[in-house]
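A, B, ... follow the sequence lines: proteins, then strands. Residue 1 opens every chain.
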Amino acid sequence: MTGHTARIANRSRGRALGRRVAAGFLYSLGLPFLLLVIWAVASTSSTNRFFPGPLTILEAFRETWIGPAFVDDVLPSLYRLALGIAASIVVGVAAGTLIGLFQWLRELLEPLLEFFRAIPPPVLIPVMMLLLGITDTMKVAVIVFGAVWPILLNTIDGVRSTDSVMSETADSFQITWWERLWFLVLPAASPRIMTGVRQGLSVALILMVISEMFASSAGLGYRIAYFQRNYLIAEMWSGILLLGLVGVLLAATFGVVERRVLRWYHGIREVNRA
Amino acid sequence: MHVLSIRRPRSLRKVLLGVVGLTGFLVVWQLIPTLGLVNSEYLPYVTDVLARLAEELRDLAFWRRLGHTMTSWAIGLTVATLAAVVLGTIVGLVPFLRRATHTVVEFLRPIPSVALIPLAVLVFGIRMQAALLIIIYASFWQVFVQVIYGVADVDSVARDTARSFGLTRRERLSHLVLPTALPYLMTGVRLAAAVALILAITAEMVIGNPGLGRMIELSRSAGDAVGLYALVVVTGLLGLLVNLVFRFIERRSLSWHQSVRGEEVL
């Protein structure tokens, strides 16, 4: 008898789960699907050539980006982006930790940092072109110069806000400087560092695109601007779509990394909330 | 009084150190071309740049360009904020909408706004509307996301209390939702103001509608390094001003709240 009820209970639970999955599916894909249909219908009935239908764009996407263009334009762009992000994180965290640890250094540099952070990063593209010429180094330098500020400033704040009880405990246990940095200061600052990295990522992506629109003969940004100048509308849209995909992938990757790095932190917050 | 007397030497020290840092930077900048580390054609003397800056500030054409930039900045920021507040409140308050729009928001938000520049040029040509499209798109998401978070953050006990006291929908909006969401909203607007300025200048550089950004691009193509550096300094000061003003507004409007919730929201 128990087996029978259990089977029924199982089945209804299974059905409820199935319904929830279906609902989640519907919720997450319903609106995008609806919007695509509306777009498709609108594009077939209108004569505006600037807005081709989704199928045309998809076709253009396949023809434009899958093939040699992926190796010639997309990969170099992504390579520069990755290089720029990596350099920003290294420079931002190292300098931020140093500045955050010493109060006099912080006070010495604060007005300068505020000023440099306030410069709109794309403005530095012409400056970097003067200093470094039209090279890959210049593009990476532009990315670093834009993306490093949120990381740097958040690291400074994070290092400063190390829990005072913990640092006093560390003092009384006489841990070495390196241990202190590695086991106390950096973990304490890591939630803020990750916030900074997230802000830095979107700046880096923007700068990757603009630096290529300005001074390049290859790369994603250059391609999109080229398509626009030559009135290749569907191809241009496919480029925008590709950039959107890169942005989404970047955000998703960051989400995974952040969850891993900050697992302990989210755990503590969960416990505190409960 | 006692507290004041302690605090003053510290803040004096802070100002002094800040001035030392700034002066040090200017001296290093001056020394680099003087010592020939970098050709002064590429990195001009700081004295020349500052002189040019003073010259620009007396020039009416400069102020007109600044006016163009700040106009598109202000229009873009206002439109984006209004749209984001209205849509964010509606979406944030209705769970059905929040779930249904999640995917679309998560896909549209990371699209770098500059990717839309070619589209904007095609549709609007070299005009301010093209720049506005970019500015609004970028700053909209900053505010929208914060408003959604803020509206969803209403304390459940407070909400139930309000309901059992029979507050009307409008009363609940103004006494419950607004005060909860305001800190989030102010953070969003402050971030959006900075982003809008960046994109206003970027759009002028790339699209070529009149403003500071186009002037920067023109100085570059004319090989006028001094003018270019002077304009970069101007944009930095402008960004600094925008940051300071919005931080001040934020602190002013949240004086009752700042201690409760920090800026860490996202």
Side-chain angles (χ1 to χ4, degrees), chain A residues 24 27-32 35 50 104 106-112 114-127 129-131 191-192 195 198-199 202-203 205-210 213-214 220-221 224-225 227-229 231 233 236-237 239-240 243-244 246-251, chain B residues 13-14 16-22 24-25 38 41-43 99-104 106-119 121-123 138 194 197-202 205-206 213 216-217 219-220 225 228-229 231-233 235-243 264 266:
Chain A
Y27 267 122
S28 54
L29 292 182
L31 188 62
L35 288 177
F50 294 149
W104 63 270
R106 214 159 59 224
E107 287 171 350
L108 189 71
L109 294 177
E110 201 182 318
L112 279 180
E114 286 283 332
F115 174 73
F116 275 109
R117 181 184 62 155
I119 297 178
V123 164
L124 295 164
I125 296 174
V127 175
M129 278 164 78
L130 265 183
L131 291 174
R192 289 304 300 265
T195 309
R198 185 193 357 232
Q199 293 169 5
S202 47
V203 180
L205 187 57
I206 288 179
L207 289 172
M208 177 198 94
V209 177
I210 308 192
M213 279 183 178
F214 252 87
L220 257 172
I224 295 179
F227 290 144
Q228 176 245 316
R229 269 179 231 128
Y231 283 89
I233 310 293
M236 180 197 85
W237 273 100
I240 296 176
L243 275 177
V246 171
V248 172
L249 272 180
L250 206 60
Chain B
R13 193 186 95 135
K14 197 175 162 186
L16 224 65
L17 272 173
V19 170
V20 170
L22 203 61
F25 171 73
V38 176
E41 262 174 60
Y42 303 137
L43 182 65
R99 284 185 72 182
T101 54
H102 184 76
T103 320
V104 175
E106 287 307 305
F107 183 78
L108 290 182
R109 197 158 64 105
I111 295 181
S113 47
V114 290
L116 300 177
I117 287 181
L119 178 68
V121 174
L122 276 185
V123 177
L197 182 68
I198 292 176
L199 285 158
I201 292 173
T202 308
M205 282 171 68
V206 182
I216 289 176
E217 178 50 19
S219 314
R220 182 194 67 82
L228 173 62
Y229 278 83
L231 284 168
V232 169
V233 173
T235 59
L237 293 175
L238 206 56
L240 200 59
L241 190 71
V242 166
N243 285 348
E264 268 270 346
L266 252 172

A.B. asks: Contact part of Leu237(B) toward chain A, heavy-atom cut-off under 4.5 Å: side chain, backbone, both or neither?
C.D. replies: both
A.B. asks: Checking Ala225(B) against chain A: side chain, backbone, both or neither under 4.5 Å from a heavy atom?
C.D. replies: both
A.B. asks: Let me know if Ile233(A) has heavy atoms under 4.5 Å from chain B in its side chain, its backbone, both or neither.
C.D. replies: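 Side chain of Ile233(A) only, per the 4.5 Å heavy-atom cut-off to chain B.
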A.B. asks: For Glu217(B), is it the side chain, the backbone, both or neither that has a heavy atom under 4.5 Å from a heavy atom of chain A?
C.D. replies: side chain
A.B. asks: Quick check on Ile201(B) against chain A: is it the side chain, the backbone, both or neither that has a heavy atom closer than 4.5 Å?
C.D. replies: side chain
A.B. asks: Are the side chains of Thr103(B) and Leu31(A) in contact, using a 4.5 Å heavy-atom criterion?
C.D. replies: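 Leu31(A) vs Thr103(B): side chains apart.
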A.B. asks: Taking only residues two or more places apart in sequence, or in another chain, which ones meet Glu114(A) in a side chain to side chain donor-acceptor pair (under 3.5 Å)?
C.D. replies: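 Expected list: Arg117(A), Arg247(B).
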A.B. asks: Side chains of Val248(A) and Glu106(B): closer than 4.5 Å at any heavy-atom pair?
C.D. replies: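 No, their side chains stay 4.5 Å or more apart.
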A.B. asks: Report the C-alpha distance between Tyr229(B) and Leu130(A) in whole Å, list the side-chain angles of each, state the deciding distance to 0.1 Å, and finish with yes or no for side chain to side chain contact (heavy atoms under 4.5 Å, CB included).
C.D. replies: CA-CA 11 Å; Tyr229(B) 278 83; Leu130(A) 265 183; 4.0 Å; yes
A.B. asks: To the nearest 0.5 Å, tell me how far Leu108(A) CG sits from Arg13(B) CZ.
C.D. replies: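 Nearest 0.5 Å value for the CG-CZ distance: 10.0 Å.
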A.B. asks: Can you name the residues that form a side chain to side chain contact (heavy atoms under 4.5 Å, CB included) with Val203(A), not counting sequence neighbours?
C.D. replies: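 With sequence neighbours excluded, Val203(A) shows a side chain to side chain contact (heavy atoms under 4.5 Å, CB included) to Pro121(A), Leu207(A), given in chain and number order.
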A.B. asks: Does any backbone or side-chain atom of Val242(B) lie under 4.5 Å from a heavy atom of chain A? Answer side chain, backbone, both or neither.
C.D. replies: neither
A.B. asks: Which region of Leu35(A), side chain (C-beta onward) or backbone (N, CA, C, O), has a non-hydrogen atom less than 4.5 Å from a non-hydrogen atom of chain B, or is it both or neither?
C.D. replies: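 Contact with chain B: side chain only.
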